[in-house]
Protein chains: 2
Amino acid sequence: MIRCGVIGYGFLGKALTRTLSERSIEGLRVVAVADSRGYVYSDEGIALAGLSDRLANTRGYLEDDPRSLIDKEMIDLLVELTPTNVRDGEPGLGYLRAALSQGIDVVTANKGPLALAFSELRGLAEGSGALLRYEATVGGGIPIFSLVRSCLRGDVVYSLRGILNGTTNYILSRMHFEGMALDLALREAQMLGIAEKDPSLDVGGIDTASKIVILANSIMHMSCSMRDVRVRGIENITAEAMMSAKESGMTIKLIGSIEDGALSVEPMLVRLNHPLCVHGTLNAVNLKTEILKELTLIGHGAGESTISALINDIYDVVSMRMRRG
Amino acid sequence: MIRCGVIGYGFLGKALTRTLSERSIEGLRVVAVADSRGYVYSDEGIALAGLSDRLANTRGYLEDDPRSLIDKEMIDLLVELTPTNVRDGEPGLGYLRAALSQGIDVVTANKGPLALAFSELRGLAEGSGALLRYEATVGGGIPIFSLVRSCLRGDVVYSLRGILNGTTNYILSRMHFEGMALDLALREAQMLGIAEKDPSLDVGGIDTASKIVILANSIMHMSCSMRDVRVRGIENITAEAMMSAKESGMTIKLIGSIEDGALSVEPMLVRLNHPLCVHGTLNAVNLKTEILKELTLIGHGAGESTISALINDIYDVVSMRMRRG
């Protein structure tokens, strides 16, 4: 039985535990759920229904640093869902280091630690024999890492281009279809909860860059980090530029790409008929490979679809562990 | 070591053996390659380079029914690549029955046998413990079966819609973009080698229907066959109908679908901005699921990309067998 601890009880933590309370995964026992102030723990497995109430600091809730949970005596698998921080990766990076160095398997949705320290974390995992899965970090509803691992065996990915940020894609789509100026489309996105109050990470291309770093390390086996990405955001895209693209059967999209070992994020002209050209908050990834040649995946980048990535990663860890005995 | 026999030495057989001669798969030994008149066989493994010459009825070539290869004493894995026949499935269906009933694993690119006898073949495989893989039968460059198996674990696919026939999609795309009449676009496709001399299986929707049957049996765990599909082809699509769709920001596509347990193939209006709306010979599959919600895959339906499906299936069989010891 794999003893699983979940750290992070925001949108994803709540949605994941709700899903796990409705369908159990054979071989998995959730023994702990932590928020930033403490946790509930039971070696026998905790009841996932009604968890929010218990985490509201009542019976069974222990006020303590969640890090004390990351102990091989207490859990075998850490599901790490704390908020992304692409500046120093904390608190997630510390949690991942603690888990992987002890041989505790990790499933995470947290881009920050992987974008900042992919090679180090991969090294820790290899050193201790821990499994590290991060499907949810890039295009939550697009199973790109497991696809490359399980569906393209023997193949080599040459290059990748993607629309990896739903906020900017929403803004650019509104500019394209409605002729809106960027600041108006951004304000609309903020009102709808699609853009954050401080949208600079999205609009400036940093969020996309962090995903490109994870993809390059994972899929192309590169060793690179944020400083290796040439980043240009969409700040300077005018309504006029968008209209002129539209008149030529094109549009402007924020494209993250890995080509010939070079990582970049920049607004690019894309033909309206190209498979990559998706609108609204959709994400898309286009792969070029040696044997398959070309494949495009389109899905939701965030929100509930991300639960699918976490569930599949958890299944993967459990089945690998069950197999090894 | 898995001893592999390849039956069928047309486009796919040649391309696969060429690929396997350039990159070996650990644990796999190709011991036989057969065309319709006979085969080359060596228990030590046959040299894959220069195979065409040897199959041209010279030294080492045995004139014999390829069926005599399908023997547990001679091979562990049959890669079946004979031409598709959706009327009676032969000769592939007989080969598959012979292999699966003996416990010989099968990787096939042949739609006919699976569309006609999916339940029977699945039953034979389960009975003997053989593995049956058929990624190449539907959207050769879209790894839909392995994606559902390995990337959507714990999820349930509710419905599926797809553009699954490159020939009709090419014709409809020419009608959309050039305002061509169907017969003209069809003749062009025939000249380019995209449509066959007798295009009735493609144009009439039968090819798409056979793929929908395989998808429904495999992904939705249904037990259905060709007679369960309501099929309408594109024969009656006029240039005028296409133009009128275009004026509303739509186009007409031949869509295979599985919804609420009902299987159908018919021309449908599709929004030009919908992810499923791909053009030329591209294929696309759109899934709706319980956890992931929605995912679209776009790739080449046939040609060289299909080799990727065969290679991944072969890797899958080899790794499953190595694991079981």
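Below, read A as the first sequence line, B as the second, and so on, with proteins coming before strands; counting in each chain starts at 1.
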Main chain of [Y], side chain of [X]: is a donor-acceptor contact present, judged purely on distance under 3.5 Å?
X	Y	result
Thr251(A)	Lys246(A)	no
Ser305(B)	Ala302(B)	no
Lys211(A)	Leu164(A)	yes
Ser218(B)	Leu215(B)	no

Mind checking which of residues 275-293 of chain A sit less than 4.5 Å from chain B, heavy atom to heavy atom?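 Hits under 4.5 Å: Pro275(A), His279(A), Leu282(A), Glu290(A), Ile291(A), Leu292(A), Lys293(A).
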Portion of Asp313(A) that has a non-hydrogen atom of chain B nearer than 4.5 angstrom: neither
How far apart are the C-alpha atoms of Arg321(B) and Asp76(B), what are their side-chain angles, what is the distance that settles it, and do they pass the salt bridge (charged side-chain N to carboxylate O under 4.0 Å, His left out) test? CA-CA 10 Å; Arg321(B) 289 305 174 198; Asp76(B) 307 299; over 6 Å; no
Heavy-atom pairs under 4.5 Å with chain B are the metric here; pick the option from [options] that has the most.
options	answer
His300(A), Arg153(A), Glu294(A)	Arg153(A)
Ala15(A), Gly299(A), Gly141(A)	Gly141(A)
Ile25(A), Thr19(A), Leu147(A)	Leu147(A)

Can you confirm whether Arg149(B) sits close enough to Ser146(B) that some side-chain heavy atom of one is under 4.5 Å from a side-chain heavy atom of the other? yes
Would you indicate whether the side-chain heavy atoms of Leu16(A) and Ile311(A) approach each other to under 4.5 Å? yes
Just checking Glu22(A): does its CD atom have more than 12 heavy atoms from other residues, nucleotides or ligands closer to it than 6.0 angstrom? yes
side-chain contact (heavy atoms from CB on, under 4.5 Å) between Ile142(B) and Ile298(B), intermediate numbers included: CA-CA 7 Å; Ile142(B) 298 180; Ile298(B) 298 170; 5.7 Å; no
I need the residue from Pro143(B), Ser308(B), Gly140(B) with the largest number of non-hydrogen atom pairs under 4.5 Å to chain A.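 When all of Pro143(B), Ser308(B), Gly140(B) are compared, Ser308(B) has the most.
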Which atoms of Thr306(B) are under 4.5 Å from chain A, going by heavy atoms: the side chain, the backbone, both sets, or neither? neither
